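I have placed the structure first, in the form of C-alpha cells, so that the comments after it can refer back to it.
Only heavy atoms go into these numbers, but all of them, side chains included; no hydrogens, no water, no symmetry mates. Being a predicted model, the structure only gives us computed values, none of them experimental.
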Amino acid sequence: MREKVTIVMATYNGEDFLEKQLNSIINQTVKPDEIVIIDDASKDNTKDIILDFEKKNREISFQNIFRDVNTGYIRNFIDGIKIAKNDYIFLCDQDDIWVKNRIEKTLEFFVKHPDCIVLHSNSHMIDKNSNIIRENIQNYTKSSEKLELKKFVKKVNYPGMSMTLRKSQIINDLEDISSRIKLPTHDWVIAYIACKKEGLYITNKVYTYRRLTGKNVALQNNKKRLSTIKNRINGIKLYRKYYFFMKEVGERSIKVNNYIETSKIREKYLEEKNMGLFLVNIINVNYYPSYKAYFGDGKLLLKKLGGKNEK
C-alpha cells in the first residue's frame, strides 16, 4: 500500500495560471489524497477558481484557508505543512505545471531511499504559453545524490515547487527555528534541516515545469544578478543572508564566518573595482559558491577596467 500524499500550495492573485497548475495535479498517474491551499488575501478570481476546482474533485480531501490580510508566502507554506494530514508533502506554487508522473516517481524514490527526508528534483523553465525556454535549470547531473552540508551551502536556490518532504522529520525543527529566527525562505531552510539530518537528496529527473511569468521574484533575481557588477553584488548579499542565518542557528560543522567574510571582500573589490584585492582573495576561493563565481568576478572587473560601461 502506497504512502498517502498531501499537496501544499500557497496562492496570491494567481488567476492567470492556477487552473493549469491544478489540472496538472489532478491528472497525475497517482492522485493526491489531500490538497491544502493557503490563499494570501487575493484580490482577483483565485478564490473562485479554487472553490470551483474543489467542487469538481470531491474524491480528494481539501483544506482551504482564505486569509483576510496578506501574511507572506513563507508563513503560508509553514502553516500549510503544519495542518497537512499526511507525512509525504509536495510543495506547490500557483503557476507551474507538473510532469504527469511526478507523484508516482517521487514515491518510488522514497521507497528506494528510505533515509530520504527531502527530495529536490530538476525542472525545465517555461514561458507564459508553456513553451520550454530553458532546460535543466538546477543543473543536477545524477539520478540520485545525497548532499553533504559543504556542498549544499554552495547554492541557495532550492525552490519549493520541486520539493517533496516528510513532515514527521521536518515540522518540529521548522516550527522551532521559525519561532526564533526570521527565515530567509521556507524551502531552503527545509532543505537545510534535511541536510543536517543526512537526508537531503537531489535528482536530475525533471518532474516540474517552472513558469517564468515576470512576477517570479526569485527567477528575476537569478537572471539579473550576474549581468552587471551592481547586480552581482546584490547576489552576494543574497548569499550572505543565508550565511547569517546559519550563524544565527549556531551552525558549527562548516566555517560560516569564513563564508561571510569572503562575501564581504567580494563586495569590496567589486565596489572599488580593485583587481589587486580580487587576485589576493584567491586564497579564499573555497568559500565562494564555485570557482566559476570567482572567475566571473574577475571577468566583470576586467570589463570595467577596460572601459566598458559596467555598473
Just so I know, are the side chains of [X] and [Y] near enough to count as touching, which here means a heavy-atom distance under 4.5 Å?
X      : Y      : value
Phe109 : Ser144 : yes
His113 : Lys146 : no
Asp95  : Gln21  : no
Asp39  : Asn64  : no
Leu183 : Ile78  : yes
Asp187 : Met161 : no
Asn136 : His124 : yes

Is a donor on one side and an acceptor on the other found under 3.5 Å between the side chain of [X] and the backbone of [Y]?
X      : Y      : value
Ser179 : Asp176 : yes
Asp115 : Gly199 : no
Asn281 : Leu277 : no
Thr106 : Ile103 : no
Asn131 : Asp127 : no
Asp44  : Glu15  : yes
Asn274 : Tyr269 : no
Gln28  : Val99  : yes
Gln94  : Met9   : no

Once the angle between the rings of His186 and Phe77 is folded into 0 to 90°, is it parallel (under 30°), tilted (30 to 60°) or perpendicular (over 60°)? parallel
Would you please classify the geometry between the Tyr140 ring and the His120 ring as parallel, tilted or perpendicular, with 30° and 60° separating the classes? perpendicular
Looking only at non-hydrogen atoms, find the nearest pair between Ser24 and Trp98 and report the distance. OG-N, 3.1 Å
Nearest non-hydrogen partners of Ala84 and Val8, listed with the distance: CB-CG2, 4.3 Å
Return each pair, listed once, that meets salt bridge (Lys or Arg N to Asp or Glu O under 4.0 Å) where at least one residue sits in residues 244-254; pairs must be two or more places apart or across chains. Lys196-Glu251
Which residue in the set Arg166, Lys167, Gln169 passes side-chain hydrogen bond (donor to acceptor under 3.5 Å, both in side chains) when paired with Asp87? Arg166
Roughly how far, to the nearest 0.5 Å, is the [atom2] atom of [Y] from the [atom1] atom of [X]?
X      : Y      : atom1 : atom2 : result
Lys128 : Ile126 : NZ    : CD1   : 12.5 Å
Ile233 : Glu271 : CD1   : CD    : 4.5 Å
Asp16  : Thr46  : CG    : OG1   : 8.5 Å
Ile7   : Gln63  : CD1   : CD    : 13.0 Å

[X] with [Y]: basic N within carboxylate O range, under 4.0 Å:
X      : Y      : result
Lys4   : Glu34  : no
Glu267 : Lys264 : no
Arg67  : Asp79  : yes
Lys105 : Glu108 : yes

Donor-acceptor side-chain pairing of Ser263 and Arg240 below 3.5 angstrom: yes
Report the residue from Thr164, Ile170, Leu91 that forms a side-chain contact (heavy atoms from CB on, under 4.5 Å) with Val118. Ile170
Pair up each side-chain donor or acceptor in residues 289-296 with any protein partner under 3.5 Å, not counting sequence neighbours, and list the distances.
residue : atom : partner : partner atom : Å
Ser290  : OG   : Lys292  : N            : 3.4
Ser290  : OG   : Ala293  : N            : 3.1
Tyr294  : OH   : Phe278  : O            : 2.9

Regarding Lys155 and the six-membered ring of Tyr158, is the cationic atom NZ or CZ under 6.0 Å from the ring centre and inside 45° of its axis? yes
